[in-house]
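Just so it is clear, the structure is predicted and the values come from calculations on it, not from any experiment.
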Amino acid sequence: MASNLNSVRALVVDDNPSFIDLIQLFLEELEIKKIFAASTYQEAVQILENQKFDFILLDINLGKGAYTGIDFAYEVRKHLPDIPIIFLTSYFNEETYEKARPTRPSTFLNKELSKLKLLQAIELALIHANNRNSLANTTTNQFNTMGSRFFFKIGDSFKGIDIKDIAYFYADNKMTYAQVSDRSYPTEVMLKVLEQRLYPDFARIHKGYLVNTNLIEQINFREYVVNISGNTLPIGHHYKKALASQLNILR
């Protein structure tokens, strides 16, 4: 695939100009010629508004400013929900992973990288993105054909439920359940799969909950709760920013 990268457009965001130069050198050796670079959050946002690219190499720590690479990833997801994001970091731990996880990065790379490691990460990220887009297109066509309905097995038959009527999905004891009014319908499909298929109309608010954003009645970010279909559901701390970016919030 490396021979096909000459048409790929990359965005590199890092606060260290020397590291940007190194990354650009690696990318050029991989035949990636269309490279955009930014050293601050503000520069990156400006490029996001005015240019198109196929993947992002993003430093988690952008220096002493108020914004981090994770903040920029949330901004990216508002406009480009499926573009591959490869995080770069010199220090990686569980807390950092949990903060970055809701932005759905392709992978994390240690800054002590090589051209081969970078190539592998880019190729896998682009392949995954292409597969996901193909699945999304297939799913969309199926939803349009089937009237946007899911069919749940009830005994020996299948009951059709309009997706727009599902308030939320929740995980319990290795099963997933769709909550419709006061009735729950079980499925073996994992929340992660449903999250990818139903974005952006459904948002992950917690490791155990995926909610229909069109049916949210009230949300309290201070108390980390969502009111939907007469139920109060918790917002996971690391899902707050991603959720806020997915809603039309007027201040």
| query | About how many Å separate NZ of K99 and OH of Y74, when rounded to the nearest 0.5 Å? | reply | 10.0 Å
| task | Return each pair, listed once, that meets salt bridge (Lys or Arg N to Asp or Glu O under 4.0 Å) where at least one residue sits in residues 218-237; pairs must be two or more places apart or across chains. | result | none
| task | Only counting residues at least two apart or in another chain, list the ones meeting side-chain hydrogen bond (donor to acceptor under 3.5 Å, both in side chains) with K115. | result | E29
| task | Using the test side-chain hydrogen bond (donor to acceptor under 3.5 Å, both in side chains), find all partners of Y239 that sit at least two apart in sequence or belong to another chain. | result | R101
| note | Tightest non-hydrogen contact, residues A242 and P102, listed as CB-CB, 3.8 Å
| message | Do F26 and L113 make a side-chain contact, defined as non-hydrogen atoms from C-beta onward lying under 4.5 Å apart? | response | yes
| said: With a 4.5 Å cut-off on side-chain heavy atoms, are I219 and I249 touching? | reply: no
| query | Who passes salt bridge (Lys or Arg N to Asp or Glu O under 4.0 Å) against E188, sequence neighbours left out? | reply | none
| task | Answer yes if the ring centres of F158 and F151 are under 6.0 angstrom apart, and no otherwise. | result | no
| query | So, for I85 and A73, which heavy atoms are closest and what is the spacing to 0.1 Å? | reply | CD1-CB, 4.0 Å
| said: Measuring from atom CD of E112 to atom CG of L109, what distance do you get when rounded to the nearest 0.5 angstrom? | reply: 12.0 Å
| query | Is the NZ atom of K153 crowded by more than 12 outside heavy atoms at less than 6.0 Å? | reply | yes
| request: Assess whether side chain to side chain contact (heavy atoms under 4.5 Å, CB included) is satisfied between L62 and T40, documenting all intermediate values. | output: CA-CA 6 Å; L62 293 180; T40 68; over 6 Å; no
| task | Could you label the plane-to-plane angle of the Y41 and Y67 rings as parallel, tilted or perpendicular, counting under 30° as parallel and over 60° as perpendicular? | result | parallel
| Within a strict 4.5 Å, meaning less than it, do heavy atoms of the T89 and N61 side chains meet? | no
| query | Which heavy-atom pair separates L210 from R204 by the least distance, and what is that distance? | reply | CD1-N, 3.5 Å
| pair I86-L118: side-chain heavy atoms closer than 4.5 Å | no
| note | Applied to residues 208-230, the ring-ring contact (aromatic ring centres under 6.0 Å, His included) test, sequence neighbours excluded, yields H206-Y209, Y224-H237
| CG on L119 to CD on E31, rounded to 0.5 Å | 10.5 Å
| message | Rounded at 0.5 Å granularity, tell me how far CD in Q179 sits from CG in L233. | response | 9.0 Å
| Do I228 and F202 belong to the same hydrophobic cluster, where Ile, Leu, Val, Met, Phe, Trp and Tyr are linked whenever their side-chain heavy atoms lie under 4.5 Å apart, directly or via other members? | no
| Under 4.5 Å between any side-chain heavy atoms of N214 and K164, yes or no? | no
Donor-acceptor contacts under 3.5 Å from residues 165-176 side chains, at least two apart:
| residue | atom | partner | partner atom | Å |
| --- | --- | --- | --- | --- |
| Y168 | OH | N231 | ND2 | 3.4 |
| Y170 | OH | S184 | OG | 3.1 |
| T176 | OG1 | V189 | O | 2.8 |

| field | L27 side chain reached by V8 side chain, heavy atoms, under 4.5 Å | value | no
| note | The salt bridge (Lys or Arg N to Asp or Glu O under 4.0 Å) partners of E28 (sequence neighbours excluded) come to none
| note | Contacts of D71 meeting side-chain hydrogen bond (donor to acceptor under 3.5 Å, both in side chains) (sequence neighbours excluded), chain-then-number -> T68, K241
| said: Does R77 qualify as a cation-pi partner of Y199, given the criterion of NZ or CZ under 6.0 Å from the six-membered ring centre and within 45 degrees of its axis? | reply: no
| request: Could you check E75 against K78 for salt bridge (Lys or Arg N to Asp or Glu O under 4.0 Å), going step by step and ending with a plain yes or no? | output: CA-CA 5 Å; E75 184 65 23; K78 293 179 184 179; 3.3 Å; yes
| note | For Y97, the side-chain hydrogen bond (donor to acceptor under 3.5 Å, both in side chains) test, sequence neighbours excluded, returns none
| said: Distance check, rounded to the nearest 0.5 Å: L25 atom CG versus L30 atom CG? | reply: 9.5 Å
| query | Do the non-hydrogen side-chain atoms of V180 and F152 ever get within less than 4.5 Å of each other? | reply | no
| Given side chains that start at C-beta, do those of N212 and I163 come closer than 4.5 Å, heavy atoms only? | no
| When hydrophobic residues are tied together by side-chain contacts of less than 4.5 Å, even through go-betweens, does L243 share a cluster with L191? | no
| field | Which residues share a ring-ring contact (aromatic ring centres under 6.0 Å, His included) with F55, sequence neighbours left out | value | none
| Does S39 offer a backbone N or O that forms a donor-acceptor pair with the side chain of E43 under 3.5 Å? | yes
Report, one line per pair, each donor and acceptor closer than 3.5 Å where one atom sits in a side chain of residues 11-24; sequence neighbours left out.
| residue | atom | partner | partner atom | Å |
| --- | --- | --- | --- | --- |
| D14 | OD1 | N16 | N | 2.7 |
| D14 | OD2 | K111 | NZ | 2.7 |
| N16 | OD1 | S18 | N | 2.9 |
| N16 | OD1 | F19 | N | 3.4 |

| When you look at CD of Q46, are more than 12 heavy atoms from neighbouring residues, nucleotides or ligands closer to it than 6.0 Å? | no
| request: State, to 0.1 Å, how close S7 and D54 come at their nearest heavy-atom pair, and which atoms those are. | output: O-OD2, 4.0 Å
| What are the two closest non-hydrogen atoms of I205 and P234, and how far apart are they? | CD1-O, 3.4 Å
| note | So CZ of R183 and CD1 of I161: to nearest 0.5 Å the spacing works out to 8.0 Å
| field | With sequence neighbours excluded, residues passing ring-ring contact (aromatic ring centres under 6.0 Å, His included) with F87 | value | F108
| task | Step through the shown structure and confirm whether more than 12 heavy atoms of other residues, nucleotides or ligands are within 6.0 Å of NZ on K52. | result | no
